[in-house]
Amino acid sequence: MENSSEDYRIQSFDVDTQKLLKTALKDPSSLDLEKVSNIIVDQSLKDPLFSKEAARICYTIVQAEAKQNNGTVFRSHLLNRLQQEFKEREQMRKRSLQEWVGYVTFICNVFDYIKVNNMSMVALVLPVYECLMRLAEPDALLNEEEVECLVLQLHRIGEQLEEVSSQRMDELFFLLRDGFLLEEGLTFMARLLLLEILEFRAGGWMLSSTAHKYYYSEIAD
């Protein structure tokens with residue numbers, strides 16, 4: 001079954017860019033794939049809603065290119081751009097919290113969606129962990145938007161990441177536990193989100209139905 005362009009939230013692009021992305025989804029080898037990857041990353045940094053779904057576009061292009069000629073050109077350009085942004089992450093965070101949260105959301109989604117031989121891309125493990133560790137630092141925990149981003153990503157890929165490196169996950173959760181216990185400036189919502197993710201991992205990346213009702217009724221209220 002073919003995906004419609006609406007499935008990918010590309011309506012926000014101009015007509016020419018929509019046409020380019022539609023072509024990339026079906027016939028990637030006919031295009032400049034560095035340009036395509038830059039368009040997708042740029043929009044992910046600008047639009048938090050798009051950043052959540054952009055990895056699905058990337059996944060489809062990767063699959064289409066592999067089917068066409070067993071190519072990996074798009075994936076290489078995408079990784080290069082993600083690494084480039086990773087090096088500038090602190091400047092990005094200072095410049096725009098929205099861009100920073102969009103970047104973390106996007107790179108975590110790429111880690112989740114795109115596999116090599118059914119395994120997570122090794123090249124993304126370090127940057128993904130470093131981004132999550134940055135979100136667990138005291139100044140970030142004081143910002144609800146960053147806490148929410150961190151918790152959402154851990155719900156999505158925490159178990160996968162722990163399989164790759166349980167030691168790094170332990171380090172991350174030491175930071176989260178200390179932040180929860182020691183940081184006096186946390187908002188009620190940030191404290192609730194941190195407690196929920198601590199319990200989520202302690203339960204084997206699952207919440208009991210009772211805990212789920214408790215946390216999500218609190219969030220709804």
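Keep in mind that the numbers below use all heavy atoms, side chains included, and drop hydrogens, waters and symmetry copies. We're numbering straight along the sequence, starting at 1. Since the model is a prediction, treat every value here as computed from it, not as a measurement.
A55 and F106 make their closest contact through N-CE1, 3.8 Å (heavy atoms, listed as atom of the first residue, atom of the second, distance). A64 and L25 make their closest contact through CB-O, 3.6 Å (heavy atoms, listed as atom of the first residue, atom of the second, distance). Across every non-hydrogen atom of L82 and Y103, the tightest pair is O-OH, 2.7 Å. Taking all atoms of both residues into account, the shortest heavy-atom contact from C131 to V104 is CB-CG2, 4.1 Å. Taking both residues in full, the closest heavy atoms of L20 and L31 are given as O-CD1, 3.5 Å, listed atom of the first, atom of the second, then distance. Of all non-hydrogen atoms in I40 and F74, the two that sit nearest each other are CD1-CZ, 4.0 Å.
The main-chain N or O of G71 is found under 3.5 Å from a side-chain atom of N69 such that the two form a donor-acceptor pair.
Between the SG atom of C149 and the CG atom of L154 there is a distance of 9.5 Å, given to the nearest 0.5 Å. Residue Y113 holds its OH atom at 9.0 Å from OG1 of T60, rounded to the nearest 0.5 Å. Note that CG of L135 and CD of E145 are 10.5 Å apart. Values are rounded to the nearest 0.5 Å. Considering CG of L141 and CG of L150, their distance stands at 7.5 Å, rounded to 0.5 Å. To the nearest 0.5 Å, atom CD of residue Q84 and atom CG of residue L79 are 12.5 Å apart. Summarising the geometry, atom CG belonging to N38 is positioned 9.0 Å from atom NE2 belonging to H77; distances are rounded to the nearest 0.5 Å.
Under the salt bridge (Lys or Arg N to Asp or Glu O under 4.0 Å) criterion, E159 pairs with no residue, sequence neighbours left out. For R89, the side chain to side chain contact (heavy atoms under 4.5 Å, CB included) partners at least two apart in sequence or on another chain are F86, W100, E130. Legend: residues meeting side chain to side chain contact (heavy atoms under 4.5 Å, CB included) with M206, ordered by chain and number and at least two apart, are absent.
Residues F111 and V122 are members of separate hydrophobic clusters, defined by side-chain heavy-atom contacts under 4.5 angstrom among Ile, Leu, Val, Met, Phe, Trp and Tyr. Linking Ile, Leu, Val, Met, Phe, Trp and Tyr residues whenever their side-chain heavy atoms come within less than 4.5 Å leaves L152 and L142 in two separate clusters. Under a hydrophobic clustering in which Ile, Leu, Val, Met, Phe, Trp and Tyr are joined whenever their side-chain heavy atoms come within less than 4.5 Å, directly or via other members, M169 and F174 fall into different clusters. By the criterion of side-chain heavy atoms lying less than 4.5 angstrom apart, applied directly or through intervening Ile, Leu, Val, Met, Phe, Trp or Tyr residues, L49 is not grouped with V41; the two fall into different hydrophobic clusters. One hydrophobic cluster, built from ILVMFWY side chains closer than 4.5 Å, holds both F200 and L181.
The salt bridge (charged side-chain N to carboxylate O under 4.0 Å, His left out) analysis of residues 58-77, with sequence neighbours excluded, yields no pairs. Screening residues 173-194 for side chain to side chain donor-acceptor pair (under 3.5 Å) gives E144-T187 as the qualifying pairs, with residues at least two apart or on separate chains. Annotation: salt bridge (charged side-chain N to carboxylate O under 4.0 Å, His left out) contacts involving residues 96-112, sequence neighbours excluded, comprise R95-E99, D112-R156.
Using the six-membered ring where Trp is involved, F173 and W205 have ring planes that are perpendicular, over 60° apart on the 30 and 60° scheme. Using the six-membered ring where Trp is involved, F13 and F50 have ring planes that are perpendicular, over 60° apart on the 30 and 60° scheme.
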> Yes or no on side-chain contact (heavy atoms from CB on, under 4.5 Å) for R93 and D139, after CA distance, side-chain angles and deciding distance?
Replying inline: CA-CA 12 Å; R93 183 177 178 270; D139 62 332; 3.3 Å; yes
>> Evaluate Y59 against K115 for side-chain contact (heavy atoms from CB on, under 4.5 Å), listing each step before the verdict.
In response: CA-CA 9 Å; Y59 170 79; K115 308 294 180 192; over 6 Å; no
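For the pair R81 and D42, the minimum side-chain heavy-atom distance is below 4.5 Å. Taking the side chain as every heavy atom from C-beta outward, C108 and L132 approach each other to under 4.5 Å. Contact annotation: the side chain of L198 approaches that of F180 to within less than 4.5 Å [non-hydrogen atoms, C-beta and beyond]. With contacts defined as side-chain heavy-atom distances shorter than 4.5 Å, the pair E196/L192 does not qualify. No side-chain heavy atom of L78 sits under 4.5 Å from any side-chain heavy atom of I61. No side-chain heavy atom of N109 sits under 4.5 Å from any side-chain heavy atom of R56. Between K19 and V15 there is no side-chain heavy-atom pair separated by less than 4.5 Å. A 4.5 Å side-chain heavy-atom check between Q153 and T105 finds at least one atom pair inside the cut-off.
Note on R134 versus E90: salt bridge recorded, some NZ/NE/NH1/NH2 to OD/OE distance being below 4.0 Å.
The environment of CD in E148 is sparse: at most 12 heavy-atom neighbours from other residues, nucleotides or ligands sit within 6.0 Å.
Each of D170, L172, L176 was checked for a side-chain contact (heavy atoms from CB on, under 4.5 Å) with R201, and the lone residue meeting it is D170.
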